[in-house]
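Notes follow once the structure below has been shown.
In what follows, every heavy atom counts, from backbone to side chain, and hydrogens, waters and symmetry copies are set aside. Within every chain, numbering begins at 1; the chains are lettered A, B, ... in the order of the sequence lines, protein sequences first and strands thereafter.
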Number of protein chains: 2
Amino acid sequence: MVEQQASQLDAVFKAVADPTRRAILARLASADARVTDIAKDFPMSLNAVSKHLRVLEGAALVRRTVVGREHVLALDASAMAEAARWMDHYRRFWEERLAALDALMTERTKKGRKK
Amino acid sequence: MVEQQASQLDAVFKAVADPTRRAILARLASADARVTDIAKDFPMSLNAVSKHLRVLEGAALVRRTVVGREHVLALDASAMAEAARWMDHYRRFWEERLAALDALMTERTKKGRKK
DNA sequence: TTGTTGTTCAACCATATGGTTGAATATCTA
DNA sequence: TAGATATTCAACCATATGGTTGAACAACAA
């Protein structure tokens, strides 16, 4: 049986799986912003955006600083590291497969020439 | 307004957001396998696993070869490339921030010493 | 103090998701 | 032909998700 632990990976991947949330991250990559500022860019209620922000915050992809009544959100891409590493593992897997295939083909071509 | 296009990214991230599906990918990284083989490793019905496989297939993370009544699944990590690139973009963003912060701190330390 | 602004909370709704079971279908085997 | 095996299809269910609206609340501005 394969072990399963609800990890930080889940939170990050789930957060990032939603296109609106990816757009919010892109928005915050250019500059920190308040909830209202962000909401203006999206075709949905401020409340909906607020919810998305909570999800991003929960995944630690976004940091919140409360200044008076304003909540300033900032991108915290460091939380993406683990997920990026996970993906990279598979990227490498894929590259190795390609390399192996390539080697095999080269080998076959050589043998073909010898005959 | 921010544009939104339901892309391949969505499919990959959504597929990968589920821990069971990540486990299936890990399983397939070690060897190709039939639906039944995979299902044996998981504490759920074969049907549930079959559904997960369809999702992975839909995201092009898995390739299916039908041989008689058997369906052999193989990992196709190449579909992960776009998603990995997306993440890498943010990883780089983060590293640049850190570097900038580091430079700033160094600068301040220098000034401090001069005084 | 009174209003306006920035934000969350709460309730609700439709649809998606991850699981189940039971049946149908197709292929191999005796 | 008659099982047994491998898989999908279909219906169903509980819960999660992404959205809405309306109210509450806190902080700033007049």
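Comparing D/dT20, C/dG19, D/dG18 by their closest approach to the side chain of B/Ala48 singles out C/dG19. Listed nucleotides: C/dG6, D/dA6, D/dG19. Nearest to the side chain of A/His52: D/dG19. In this structure, of D/dT8, D/dG18, D/dA11, it is D/dT8 that holds the atom nearest to the side chain of B/Ser50. Closest contact between the side chain of A/Arg21 and the listed nucleotides C/dG18, C/dT7, D/dG18 involves D/dG18. In the set C/dT20, C/dT7, D/dT17, C/dT20 carries the atom at the smallest distance from any side-chain atom of B/Lys51.
In this model, no side-chain donor or acceptor of A/Arg69 finds a partner on the base of C/dT7 within 3.5 Å. If you check distances only, the side chain of B/Asn47 never reaches the base of D/dT7 with a donor-acceptor pair under 3.5 Å.
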Which pairs would a plain distance check flag for residues 50-59 of chain B, meaning a side-chain donor or acceptor within less than 3.5 Å of a matching protein atom at least two apart in sequence or in another chain?
residue, atom, partner, partner atom, Å
B/His52, ND1, B/Arg21, NH1, 3.0
B/Glu57, OE1, B/Arg64, NE, 3.0
B/Glu57, OE1, B/Arg64, NH2, 2.9
B/Glu57, OE2, B/Arg64, NE, 3.2

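By the 30° and 60° cut-offs, the orientation of the rings of B/Phe13 relative to B/Trp86 is perpendicular.
Between the P atom of C/dG18 and the CG atom of B/Leu53 lies a distance of 13 Å, rounded to the nearest Å. Spacing between atom NE2 of B/His71 and atom P of C/dA26 amounts to 11 Å, rounded to whole angstrom units. Between the CD atom of B/Glu70 and the P atom of D/dA4 there is a distance of 18 Å, rounded to whole Å. Per the geometry, CG belonging to B/Leu46 stands 17 Å off P belonging to C/dA23, to the nearest Å. Rounded to whole angstrom, the span from the CE atom of B/Met44 across to the P atom of C/dT17 amounts to 16 Å. If you take CZ of B/Phe13 and C1' of C/dT17, they are 19 Å apart, rounded to a whole angstrom. The CZ atom of A/Arg54 sits 13 Å away from the P atom of D/dG19 (whole-angstrom rounding). The CG-C1' distance, from A/Asp10 to D/dT17, rounds to 15 Å in whole Å.
In terms of position on DNA chain C, the residue among A/Lys14 and A/Thr36 whose nearest nucleotide sits closer to the 5' end is A/Thr36.
In this structure, A/Asp37 contributes its side chain and A/Arg34 its backbone to a donor-acceptor pair below 3.5 Å. In this structure, the side chain of B/Tyr90 does not engage the main chain of A/Asp76 through any donor-acceptor pair within 3.5 Å.
Using a 4.0 Å cut-off, no side-chain N or O of B/Thr20 falls inside it from OP1 or OP2 of C/dG18.
Using a 4.0 Å heavy-atom distance criterion, A/Ser45 is classed as a base contact.
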Would you sort out whether B/Arg22 and A/Asp10 count as a salt bridge (charged side-chain N to carboxylate O under 4.0 Å, His left out), showing the intermediate values?
CA-CA 10 Å; B/Arg22 285 202 302 278; A/Asp10 281 272; 3.0 Å; yes
